[in-house]
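To keep things clear, I will list the structure first and then write my remarks on it.
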Protein chains: 2
Amino acid sequence: MRLLPAGSIDCVFADPPYNLQLRGELRRPDDSIVDGVDDDWDRFGDFAEYDRFTRAWLVEVRRLLRKDGTLWVIGSYHNIFRIGSMLQDLGYWILNDVIWRKSNPMPNFRGRRFTNAHETMIWAARGRDSRYRFNYQAMKALNDDVQMRSDWLLPLCTGPERLRNEHGLKLHPTQKPESLLHRVLLASTGVDDIVLDPFAGTGTTPAVARRLRRHFIGIERHPDYAEAAIGRVRRERPLPMDSVMTTTNRREVARVPFGSLVERGLLSAGTILTDRQRRVAATVAPDGSLVSGSVRGSIHKVGAALTNAPSCNGWTFWHFEEAGVLQPLDVLRTRSLETA
Amino acid sequence: MRLLPAGSIDCVFADPPYNLQLRGELRRPDDSIVDGVDDDWDRFGDFAEYDRFTRAWLVEVRRLLRKDGTLWVIGSYHNIFRIGSMLQDLGYWILNDVIWRKSNPMPNFRGRRFTNAHETMIWAARGRDSRYRFNYQAMKALNDDVQMRSDWLLPLCTGPERLRNEHGLKLHPTQKPESLLHRVLLASTGVDDIVLDPFAGTGTTPAVARRLRRHFIGIERHPDYAEAAIGRVRRERPLPMDSVMTTTNRREVARVPFGSLVERGLLSAGTILTDRQRRVAATVAPDGSLVSGSVRGSIHKVGAALTNAPSCNGWTFWHFEEAGVLQPLDVLRTRSLETA
DNA sequence: ACCACGCTTGAATCTTACA
DNA sequence: CTGTAAGATTCAAGCGTGG
């Protein structure tokens, strides 16, 4: 990471070691043994050591992120609180904590706790003043046209997606499902963005990034994981360009001044605008302002004034008559883009 | 809290301030953060203040908890990471993080983030060696007879449950739903346990505790909230004793030695027992031991030996024939309790 | 082709009473 | 305190096999 230039990364997804502290073996009710995470890379002496490790990579990630970039970190209760605190201490700005609800978690075999059925992701901007990217409309479209919530129900990574070694055993103990990365990248990156995964493992992030036509950098120190990741990414094919274009955000639409619509003749000066119920009315002035009695100003200001509201979206409030039908101003904005 | 004796509390539920003013105080025009990582802590003096406050009450709660007691804390991403870290630093032992999924959350009006549709609870024992209480069977019964997961779907506190002042405005900004406390107390306390809520607000914890026949101590410094809480608790009536008794854990059921069943004639010496598939068999000896060839011992040991298993629950492994049907030994244990 | 059934498995801080 | 024995404990999916 130290070799990469500052401010060069749009989005980071990090799945760091969780610092699990397992004691002894765990057996299922049928006496088979649970294949838990006992790898060296997940062993830390104490919280202080884990905190030093965490701080080091979070500082470095922050150096690499451009000002408006965002970071995703996934973890469990063993480590996520330490990570969240440190994010705040380092000046990151938490945007959401997102819960990955597992549809098929491992049960609690001893009946001593609630089934550990979720993991937590933190989504944070580099700083409080970041103008971060959030593809609101794409998320809404992905969720049957209602806002995407902070809890996501997704299955574990199993079946053919799970990478296995020559003995048929899982290659990596904690391979994340591609569906999770799909949603993460769709929510917070755009085509050709640069995505970094500092704990790339078997390459889920790079693979999904390539599929979605994002650029990617994956870092992994374990040779077996890295090798598997490289092969996996090579096998992955970018989706056709038109299929990775998602519903665009309103705010991504190039801003169109109302005046320019008048200027370009999409709406004539003198046209009378009304609200949908035709309760108030105003006239379009040649400079793109509206006039209604003694009130004059932008489409938003006049709309607010006439309804005694603190604010008003003039694009959806004001309507004009066309072929006997009331149309919101917004349709003109769309037309102006099509004819630009 | 300083007036209460050490080790006097079975369970604490805490809904501390979420540190919302912190966000206001952190609103700075200049966010030019130095990547030098050693001197940034004092820039977050407000976090430090919140941490001092948090540490103080968590230390005091730990003094009050008996060794096997547990603590619940609820929070959002603004404060829960700081609380979780501090719990770990203070020696608490996290058992679960539990997600309260709100069925009716407030939407995100600006469309700049995911709908914040959950809050996080941490359930922790006083220490790593706590033999904490978890009413596993009661939770399972509450969840259609499958294990209760770490994500709970419950509605916000609305309607008649929501306390309002004389102007019809909500009395407390973050009144928690009684259903949440119902599940918390049912999971981790028993009848006549002592429950403490150090941030009692309008008394949801005391009210539900009283209803479920738990003793309670609520602390609240705001006079309006305290007054409302007192009235609310007074109006609350404890449920009839038989309706607060829940499914009991098997571990709590009085232990019945297998030998006593033979002694009392519920099973004759000489009876032949088999496993459910009739693959192995053993004979009941008059002293309550089993014999199978050269193997002799308890129902558990012989079951384990004949199946080459490290352990075996003889009560569910061994069956006897009754009216042509194979019955597990466990049914005799139930009968013995009924006829005791 | 389809279904029933059994086997496997997944980031897990996973027992307790009594001698 | 330690050692020993009793005995409590699993859900959703995917996959393979055999009828």
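Not measured: the values here are computed from a predicted model.
- Taking atom C1' on both dG7(D) and dG10(C), the two are 26 Å apart, rounded to the nearest angstrom.
- When the side-chain nitrogen and oxygen atoms of K170(A) are compared with OP1 and OP2 of dG10(C), one or more of them lie within a distance under 4.0 Å.
- Ring orientation note: the planes of Y50(A) and F53(A) are tilted relative to one another, at an angle of 30° to 60°.
- Within 4.0 Å of P177(A), counting heavy atoms only, lies no atom of the nucleic acid at all.
- Anti is the conformation of dT8(C), whose glycosidic angle sits further than 90° from 0.
- In the set dA5(D), dA11(C), dG7(D), dA5(D) carries the atom at the smallest distance from any side-chain atom of K301(B).
- Of the possible donor and acceptor atoms, none in the side chain of D97(B) sits under 3.5 Å from a partner among the backbone N and O of W123(B).
- Side-chain proximity of K140(B) to dG7(D), dT10(D), dG10(C): nearest is dT10(D).
- A donor-acceptor contact under 3.5 Å links the side chain of K176(A) to the base of dA11(C).
- Note: H172(A) and Y225(A) have tilted aromatic rings, judged against thresholds of 30 and 60 degrees for the angle between ring planes.
- For residues 150-167 of chain A, proximity to DNA chain D is found at T158(A), G159(A), P160(A), defined as any non-hydrogen atom under 4.0 angstrom from a strand atom.
- A straight line from CG of L329(B) to C1' of dG7(D) spans 13 Å, rounded to a whole angstrom.
- Separation of the C1' atoms belonging to dT13(C) and dA12(D) is 23 Å when rounded to the nearest angstrom.
- Proximity note for W315(B) (side chain, C-beta onward) versus dC11(D), dA13(D), dA8(D): the nearest is dA8(D).
- The CG atom of D151(A) sits 11.5 Å away from the CZ atom of F114(B) when rounded to the nearest 0.5 Å.
- Contacts of R250(B) with the nucleic acid, taken as non-hydrogen atoms under 4.0 Å apart, involve only primed sugar atoms and P, OP1 or OP2.
- With dG10(C), dA6(D), dT10(D) as the choices, the nucleotide that has an atom nearest any side-chain atom of H300(B) turns out to be dA6(D).
- Counting any heavy atom pair closer than 4.0 Å across all strands shown, Q137(B) reaches sugar-phosphate atoms only and no base atom.
- Each of dA12(C), dT13(C), dA8(D) was ranked by its minimum atom distance to the side chain of L26(A); first place goes to dA12(C).
- Nucleic acid contact class of N313(B) (heavy atoms, under 4.0 Å, all strands): base.
- Put simply, the side chain of R113(A) and the base of dT13(C) share a donor and an acceptor less than 3.5 Å apart.
- At least one side-chain nitrogen or oxygen of R333(B) sits closer than 4.0 Å to the OP1 or OP2 atom of dA8(D).
- Between R278(B) and E321(B) a salt bridge is recorded (basic side-chain N to carboxylate O distance below 4.0 Å).
- Side-chain contact of S85(A) with R82(B): a donor-acceptor pair under 3.5 Å is absent, judged by distance alone.
- Nearest nucleotide to the R112(A) side chain, out of dA6(D), dC14(C), dG10(C): dC14(C).
- When both pairing distances are held under 3.5 Å, dA11(C) makes no Watson-Crick or G-U pair with any nucleotide shown.
- Heavy atoms of I94(B) sit under 4.0 angstrom from at least one base atom.
- Relative orientation of the W152(B) and W72(B) rings is tilted, given thresholds of 30° and 60° on the angle between their planes.
- Using N1 to N3 plus N6-O4 or O6-N4 for Watson-Crick, or N1-O2 and O6-N3 for G-U wobble, each under 3.5 Å, dC5(C) pairs with dG16(D).
- Note on R149(B): nothing from the nucleic acid sits closer than 4.0 angstrom, heavy atoms only.
- The separation of dT8(C) from dT10(D), taken at their C1' atoms, amounts to 13 Å, rounded to a whole angstrom.
- When heavy atoms are screened at a 4.0 angstrom cut-off, D42(A) is found touching base atoms of the nucleic acid.
- Listed nucleotides dA8(D), dA11(C), dG10(C) differ in distance to R251(B); the shortest reach to its side chain belongs to dA8(D).
- A salt bridge links R211(A) with E236(A): at least one charged nitrogen is closer than 4.0 Å to a carboxylate oxygen.
- When the nucleotides dC11(D), dC14(C), dT13(C) are ranked by their closest atom to the side chain of H78(A), dT13(C) comes out on top.
- Contact annotation: side chain of R110(A) to base of dA8(D), donor-acceptor pair present below 3.5 Å.
- The aromatic ring of F109(A) does not stack onto the base of dC14(C), failing the criterion of a centre distance under 5.5 Å from the six-membered base ring together with planes under 30° apart.
- Per the geometry, OH belonging to Y225(A) stands 12 Å off C1' belonging to dA11(C), to the nearest Å.
- The shortest distance between the side-chain N/O atoms of N116(A) and the OP1/OP2 oxygens of dT13(C) is below 4.0 Å.
- Counting non-hydrogen atoms under 4.0 angstrom, G24(A) reaches a base of the nucleic acid.
- A close approach under 4.0 Å does occur between a side-chain nitrogen or oxygen of Y136(B) and OP1 or OP2 of dT10(D).
- With both pairing distances under 3.5 Å, dA19(C) is matched to dT2(D) as a Watson-Crick or G-U wobble pair.
- Residue contacts for T174(A): at a heavy-atom cut-off of 4.0 Å it reaches a base atom on one of the strands shown.
- Remark: S336(B) OG to R264(B) CZ distance equals 5.0 Å, nearest 0.5 Å.
- Atoms CG and CD1, on L64(B) and I194(B) in that order, are 11.0 Å from each other to the nearest 0.5 Å.
- Using a 4.0 Å cut-off between charged side-chain N and carboxylate O, K170(A) and D35(A) make a salt bridge.
- At the heavy-atom level, D15(A) lies under 4.0 Å from base atoms of the strands shown.
- Within the 4.0 angstrom heavy-atom criterion, only backbone atoms of the sugar-phosphate kind lie near S298(B); the bases stay farther away.
- Counting any heavy atom pair closer than 4.0 Å across all strands shown, R255(B) reaches sugar-phosphate atoms only and no base atom.
- With a 3.5 Å ceiling on both atom-pair distances, dT9(D) lacks any Watson-Crick or G-U wobble partner.
- Distance noted for atom C1' between dA1(C) and dG18(D): 14 Å (whole Å).
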